[in-house]
Amino acid sequence: MKKILNHPEAFADETIEGILLAHPHHLKRAPGTPRGLVRADAPVAGQVAIATGGGSGHIPVFLGYVGPGLLHGVSIGNVFSSPSVEAMVAVTKAIHAGTGVLYLYGNYGGDIMNFDMSAELCEAEGVEVKSVRVRDDVVSAPKSAAEKRRAVAGLFFAYKIAGAKAATGADLAAVTATAQRVVENTCSMGVALSPCTIPAVGKPTFTIGEDEMELGMGIHGEAGIERGRLKTADEIAQVMTERVLADLSFRSGDQVAVLVNGLGATPPEELYLLFRKAHQVLAGHGVQIQRVFIGEYATSMEMAGASISLLKLDAELLSLLDAPAYSPFLPQWRSAR
Amino acid sequence: MKKILNHPEAFADETIEGILLAHPHHLKRAPGTPRGLVRADAPVAGQVAIATGGGSGHIPVFLGYVGPGLLHGVSIGNVFSSPSVEAMVAVTKAIHAGTGVLYLYGNYGGDIMNFDMSAELCEAEGVEVKSVRVRDDVVSAPKSAAEKRRAVAGLFFAYKIAGAKAATGADLAAVTATAQRVVENTCSMGVALSPCTIPAVGKPTFTIGEDEMELGMGIHGEAGIERGRLKTADEIAQVMTERVLADLSFRSGDQVAVLVNGLGATPPEELYLLFRKAHQVLAGHGVQIQRVFIGEYATSMEMAGASISLLKLDAELLSLLDAPAYSPFLPQWRSAR
Amino acid sequence: MKAALTRDDALPLNQKLAADLEAANAAITALDAEVGDGDLGVTCRLGMKAALDLLPTLKEASLGDLILKAGLAFNSAGASTFGALVASAAMRAAKYTKDNALAAWDLPAVIGVLTSATQGIEQRGKAARGDKTLLDALWPAIETLEAAHKNGKDLAGALADAAAAAEAGAEATRPLRSKFGRAAWMQDRTVGVKDAGAAVAAMVLKSIAEYARM
Amino acid sequence: MKAALTRDDALPLNQKLAADLEAANAAITALDAEVGDGDLGVTCRLGMKAALDLLPTLKEASLGDLILKAGLAFNSAGASTFGALVASAAMRAAKYTKDNALAAWDLPAVIGVLTSATQGIEQRGKAARGDKTLLDALWPAIETLEAAHKNGKDLAGALADAAAAAEAGAEATRPLRSKFGRAAWMQDRTVGVKDAGAAVAAMVLKSIAEYARM
Ligand SMILES: Nc1ncnc2c1ncn2[C@@H]1O[C@H](COP(=O)(O)OP(=O)(O)O)[C@@H](O)[C@H]1O
Ligand SMILES: Nc1ncnc2c1ncn2[C@@H]1O[C@H](COP(=O)(O)OP(=O)(O)O)[C@@H](O)[C@H]1O
Ligand SMILES: [Mg+2]
Ligand SMILES: [Mg+2]
Ligand SMILES: [Mg+2]
Ligand SMILES: [Mg+2]
């Protein structure tokens, strides 16, 4: 796969430069690191601050979720690699408004280890830190080992809702609990049709036949977990929706928000084909679709593929999901009338 | 390139079905055709109605630009093919509020011929129709033959601003004149790195070597116009920006809106690399960037590539660009503070 | 061997035409992809299918109405540049047929119908002969029909000559530079490439000529 | 042939290590790509470059500080699972060196340092031997160093044995099922594949052993 690049190893830094030139009223650097971005108005007085972080190559994940009504800061690693502890510490200090910091990020080994080191360092300096790890990929581990699951596009729900909760002025315990409730009620399943290339590596992350697909893709360029024959849009959507429904143990009458996410190269048209079938499947189970998000909410550069995520809603989650928020990296949304 | 599909020839219709299931409060069908969508509140009293149309496979172009503060209706063709006259006529009737209709669309032969037929039929029934064709691709014809140029991502500026003008209650002549002013002040240049596949054809629209790129891509899966060696992000952005600047005959102090558009498979990160260099080039010319739009505003399914568009601003165009608008298919934007 | 085409020929003729174009589908797509967008094969498939679906439902229609409605159906399902030109041609062919109250197309009628249709294409698309479009297949075919008629040929013979002339005309588009349609943007890269629309026009004439000989 | 490693060895040893890992870059990437994400080669390249850039600036630093700062620099530039483990290992190696006021690492010191470092990795990553990680290369290496020390081998000889044991340990990860890191998601597909981190750990020990023999 060809790329529009300068020096492969400057990819992350030059991307950040471009972003700061494009959105100077929206983001600024965290003092002391080239790899941390925070809201232009950080620290935001009276709000618990939420930090995330992760590798480059997933926009709008991770930095695209920083903004009013969303998160407060982000540390940025190389493509698909964890950010450094230094960046995490710098971001934590730049956003902390005295009311504690929530680390809300994807359940990936490198990120966990580095965020844990950062939390130890920041707590030693008197910053209260809590951590919530998003782990929505149903295929990546059985429900009995849900704490091993990885994060995919379900990050969107956690970011949107935790950010809205923080914006209400809730305290760290409440923001953490809300984020954790989203994690426990979010489940995703994805499919990858083609790999991507890490610029500094220069070769695709995996190979896959023209008639194959991988169920359960990761957003870090990993291959999926079950390899199979490429199926139709209807078959794929049916498998994904049924598996997610079963995992969240839905009952007829339950209310959900649906996210159909594209990994990068998959066109919006194909996402709508998947939604069309998912809608039929959900209707068949008597599950009520309250909100719909279709587009690119978590990408893997030029990978082709998609995922379907469900969030089981309650009244508070729905109202937080509908709360205003802004980031130039996200699709538009507004609540249904 | 693999696709998530059911029957290739049902692609456009099933996509529309998915869209209507996803956004029932936003869009509805124009009575009498499966291939026309209009705003849920159409016809909008007191507004000149704007219709667009074109082939499938370009979301958010064309149907993604229908919405409050944007357009009123859209007719939808098969992938990369013109909509039918029937669909155009049905849309025209569904949106006409008695104050005339503007056809605002891309300068493509099939679309022109069909929209012209539709205009003749609608005018015979007493609907006043004007047409403005967007033609922003600098590489597709010399400036002396600008009326032969094709439309690429510059459609965004025309749709956004004409839609805002119509929302002010301006009459058909004024909306038409504003749309035409946008067309005359918009110029784009693009590059394609890989082709796409029309579902019903099943083969890529062109072939291109691993070390090659095409300057001046079309958004209909056409090959570009000048083939060259794949250059760096900085080189590509420099060539594109300089060529667009020269065509619009900028002077130092001029104000612009910049759009860096991804064709589909090109990741946002790479778009920000292009913007980074474009910003340097514009600064070098003393041109002032007033607004920035980076993302997918006009796609060609899974093509890899990007374009840079400039709109030369005046006070009215800027305020119309900043006016509120909503469509779930578009990235978020808001005016700078 | 047919001396004239009547409304009873509409369905079998279009069935043969659809089959012949389908057999050439990949070739048509390839030609259009070379300097266009590769959709012409799909257009022909969808357009012909729509016409074939419609024709059996038009039990009472006149010859003029059959061509009109089939042409419009073609463009509804296969809307595109080519579809719009087919529809425009059909509208003019129908008008000629009605204005002259024709119940069948003998050779002189075929000449009149094809001339009107081609003028309709010119008017809609604003191109002229030599601009590397389907007109470069159609005008030589019309001239050949006229000459064959003067030389006393029958309908099938005249159509066979016309098909050959159309094919020669399509071939002769190779050295030309495209001035209309998507191909116009490709400028010098169109030189050496056969125009896709002209190629399809020649195939259509060949198919009709073969039908007339049956 | 070196009897101990001192602060003067830090730069040349890391230069050799960087060169050896760079030579194996494609192989490392390929291993990590098989059941992971293919970034381990980049991590090693960026991490080693940062360490090499830093070391010459640390003119006054103690041996303990050198390993600490090089390890943190590695993870700053090559932040990742592997980077965090390297940093954690370096922190513990530095602590052992400082707690024991070591100015040089002779064979017993190397054993102590490597044991502390490996415990640091265990603590950070929560994995145990047999979980198909770099621990499966490190623990056999430590046991081999201890045995070699008992048998009276010198530093270079002991390290050579340890490197061989690490490589055998890395090879022996093949039949195992991954339980940690990205590979854990791949479950049965990891069976038959060599763990990338263990392979790198074995390379590192081989490089150090060769350096000690020089
Ligand atoms: N303005 C025009 N006038 C006449 N024929 C045209 C014109 N533009 C294109 N054509 C013909 O149409 C053919 C392409 O048809 P089609 O593939 O439907 O076009 P597109 O894909 O550009 O909509 C060309 O090969 C040419 O013969
Ligand atoms: N929890 C863990 N404890 C110890 N070692 C681990 C752990 N997780 C992964 N590893 C080691 O790290 C290697 C992968 O490193 P790296 O490529 O940096 O990981 P990632 O890409 O998943 O962040 C694995 O091959 C394994 O040896
Ligand atoms: Mg990694
Ligand atoms: Mg076309
Ligand atoms: Mg075409
Ligand atoms: Mg890895």
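Naming convention: chains lettered A, B, ... in sequence-line order (proteins, then strands); numbering from 1 in each chain. The model shown is predicted, which means the values in this text are computed figures rather than measured ones.
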When you look at NZ of B/Lys203, are more than 12 heavy atoms from neighbouring residues, nucleotides or ligands closer to it than 6.0 Å?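 No - once you tally the heavy atoms of other residues, nucleotides and ligands closer than 6.0 Å, there are 12 at most.
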Taking every non-hydrogen pair under 4.5 Å, which of [options] racks up the most with chain B?
options: A/Ala12, A/Pro267, A/Ala10; value: A/Pro267
options: A/Asn6, A/Asp234, A/Thr299, A/Thr15; value: A/Asn6
options: A/Ala22, A/Ala278, A/Gly295; value: A/Ala22
options: A/Gly262, A/Pro328, A/Gly64, A/Ala233; value: A/Ala233

Side chain / backbone / both / neither for B/Ile289 at chain A, heavy atoms under 4.5 Å: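 When you check distances to chain A, no heavy atom of B/Ile289 falls under 4.5 Å.
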Do A/Tyr272 and B/Phe329 have ring centroids that are under 6.0 Å from one another? yes
[X] versus chain B, the contacting section by heavy-atom distance below 4.5 Å:
X: A/Leu230; result: side chain
X: A/Leu263; result: neither
X: A/Ala283; result: neither
X: A/Phe275; result: side chain
X: A/His7; result: neither

Roughly how far apart are [X] [atom1] and [Y] [atom2], rounded to 0.5 Å?
X: B/Ile16; Y: A/Leu273; atom1: CD1; atom2: CG; value: 11.0 Å
X: A/Lys277; Y: B/Leu21; atom1: NZ; atom2: CG; value: 12.0 Å
X: B/Thr266; Y: A/Met301; atom1: OG1; atom2: CE; value: 12.0 Å
X: B/Ile4; Y: A/Ile236; atom1: CD1; atom2: CD1; value: 5.0 Å
X: B/Glu302; Y: A/Glu302; atom1: CD; atom2: CD; value: 13.0 Å

Could you check if a side-chain atom of B/Lys2 sits within less than 4.5 angstrom of a side-chain atom of A/Met213, using non-hydrogen atoms only? no
Taking C-beta and beyond as the side chain, do B/Leu193 and A/Lys3 meet within less than 4.5 Å on heavy atoms? no
With chain A, which of B/Asp211, B/Ile294, B/Leu20, B/Thr232 has the greatest number of heavy-atom pairs at distances under 4.5 Å? B/Thr232
Top of B/Pro60, B/Ser56, B/Pro331 for chain A proximity - count of heavy-atom pairs under 4.5 angstrom: B/Pro331
So which atom in B/Tyr326 and which in A/Gln332 form the shortest heavy-atom distance, rounded to 0.1 Å?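 Distance-wise, the nearest heavy atoms are CA-OE1, 3.4 Å.
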Check for a donor-acceptor pair, side chain of A/Glu269 on one end and backbone N or O of B/Gly57 on the other, with a separation under 3.5 Å.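 Yes; judged by distance alone, with no hydrogens or angles, the pair exists.
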Would you say A/Glu17's side chain and B/Arg276's backbone share a donor-acceptor pair under 3.5 angstrom? no
